[in-house]
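Computed from heavy atoms alone, side chains included, the values below leave out hydrogens, waters and symmetry copies.
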Amino acid sequence: MLRFPVGQAYLWRDGEALTLVDAGHAGAADAIEGAIRSLGLRPERLERIVLTHSHRDHVGAAGELRARWGARIVAHPLDAPVVRGEEPVPEPVLADWELPLYAHGLTAPQAPPTPVDQEVADGEQLPFGGGAVVVHSPGHTPGSIAVHLPEHGVLFTGDCVAGVGRVMLGVFNVDGAQALASFRRLAGLAPSVACFGHGDPLTVATADTLRKAAGTA
């Protein structure tokens with residue numbers, strides 16, 4: 001897990017081949033490269049960057065990493081135009097208690113327009129982690145995705161689910177009802193490890209905790 005002032009990203013390794021799930025904020029490329037090297041890995045083996053959604057704290061450094069190392073950027077078709085800078089970031093529907101949190105999130109630098117090399121839909125597989133399954137999980141943004149590695153019991157939830165203080169529905173959603181439905185779908189995958197866009201990963205009693213938080217247990 002690579003932690004940034006706002007949000008985090010995850011590095012997955014298959015032998016020497018590397019995949020990044022999300023890419024932190026603009027300007028974070030040096031820190032990401034340094035983290036990869038500190039693990040004794042080669043950043044030129046970064047094959048792909050999977051963007052769980054189009055927000056600045058997840059997309060920001062993707063373009064620079066692509067330019068340095070040739071990694072392919074992957075996103076859902078509904079968020080890809082936002083990543084490329086062709087459409088504006090969709091505005092969330094905020095509760096009053098979310099306003100200060102949202103203001104803090106905007107302290108991350110705005111993401112530059114970023115190429116998307118591959119658009120992926122629900123159910124498609126990506127060639128890492130023994131077969132990484134794309135799970136369309138709209139609500140936070142229209143094109144939000146999670147990434148499920150069934151072989152390893154690992155689920156990258158993006159911002160559909162958060163683990164800040166407790167496991168909960170993610171905040172800043174464009175459609176709260178849709179986001180909750182997505183949360184419940186992700187909980188139904190019963191992973192052993194859940195890696196959130198914000199908050200510490202869940203590694204103990206993961207499936208039960210997700211089901212209870214989603215209201216399905």
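When all heavy atoms of His136 and Ile145 are compared, the closest pair comes out as CA-CG2, 4.2 Å. Heavy-atom minimum distance, Ala61 versus Ile32: CB-CD1, 4.2 Å. Among all heavy-atom pairs drawn from Ser137 and Ala146, the shortest one is OG-N, 3.4 Å. In terms of heavy atoms, Cys160 sits closest to Phe183 at SG-N, 3.5 Å. In terms of heavy-atom proximity, Gly129 sits nearest to His152 at O-CD2, 3.2 Å. Considering all non-hydrogen atoms of both residues, Ala71 and Arg48 come closest at CB-N, 4.1 Å.
The line from CZ of Arg211 to OG1 of Thr206 is 10.5 Å long, rounded to the nearest 0.5 Å. To the nearest 0.5 Å, atoms CG (Asp22) and CG (Leu20) are separated by 7.5 Å. Rounded to the nearest 0.5 angstrom, Ile36 CD1 and Arg45 CZ are separated by 12.0 Å. How far CZ of Arg185 is from OG1 of Thr216: 14.0 Å, rounded to the nearest 0.5 Å. In this structure, the separation between NE2 on His140 and OG on Ser182 is 11.5 Å, given to the nearest 0.5 Å. Distance NE2/His148 to CG/Leu189: 5.0 Å, rounded to 0.5 Å.
Note on Phe4: it clusters hydrophobically with Val83, by side-chain heavy-atom contacts below 4.5 Å among ILVMFWY residues. Taken together through direct or relayed side-chain contacts under 4.5 Å among Ile, Leu, Val, Met, Phe, Trp and Tyr, Tyr10 and Trp12 form part of one hydrophobic cluster. Cluster annotation: Leu65 and Ile73 are assigned to the same hydrophobic cluster (Ile/Leu/Val/Met/Phe/Trp/Tyr, side-chain heavy-atom contacts under 4.5 Å, transitive). Note on Leu202 and Leu155: same hydrophobic cluster, where clusters join Ile, Leu, Val, Met, Phe, Trp and Tyr whose side-chain heavy atoms are under 4.5 Å apart, directly or indirectly. Met1 and Phe156 fall within the same hydrophobic cluster, defined by Ile, Leu, Val, Met, Phe, Trp and Tyr side-chain heavy atoms under 4.5 Å apart, directly or through other members.
By the 30° and 60° cut-offs, the orientation of the rings of His53 relative to His58 is tilted.
Without hydrogens or angle criteria, Gln8 side chain to Phe196 main chain gives a donor-acceptor distance under 3.5 Å.
At least one side-chain heavy atom of Val171 sits under 4.5 Å from a side-chain heavy atom of Trp97. Side chains of Pro90 and Pro142 form a contact here, defined as non-hydrogen atoms less than 4.5 Å apart. For the pair Leu126 and Gln118, the minimum side-chain heavy-atom distance is below 4.5 Å.
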Dump the intermediate steps for side chain to side chain donor-acceptor pair (under 3.5 Å) on Ser144 and Thr141, then the final yes or no. CA-CA 5 Å; Ser144 286; Thr141 64; 2.7 Å; yes
The test is side-chain contact (heavy atoms from CB on, under 4.5 Å); show your working for Glu87 and Leu78 and say whether it passes. CA-CA 10 Å; Glu87 295 182 6; Leu78 293 178; over 6 Å; no
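Glu44 CD: more than 12 foreign heavy atoms inside a 6.0 Å radius.
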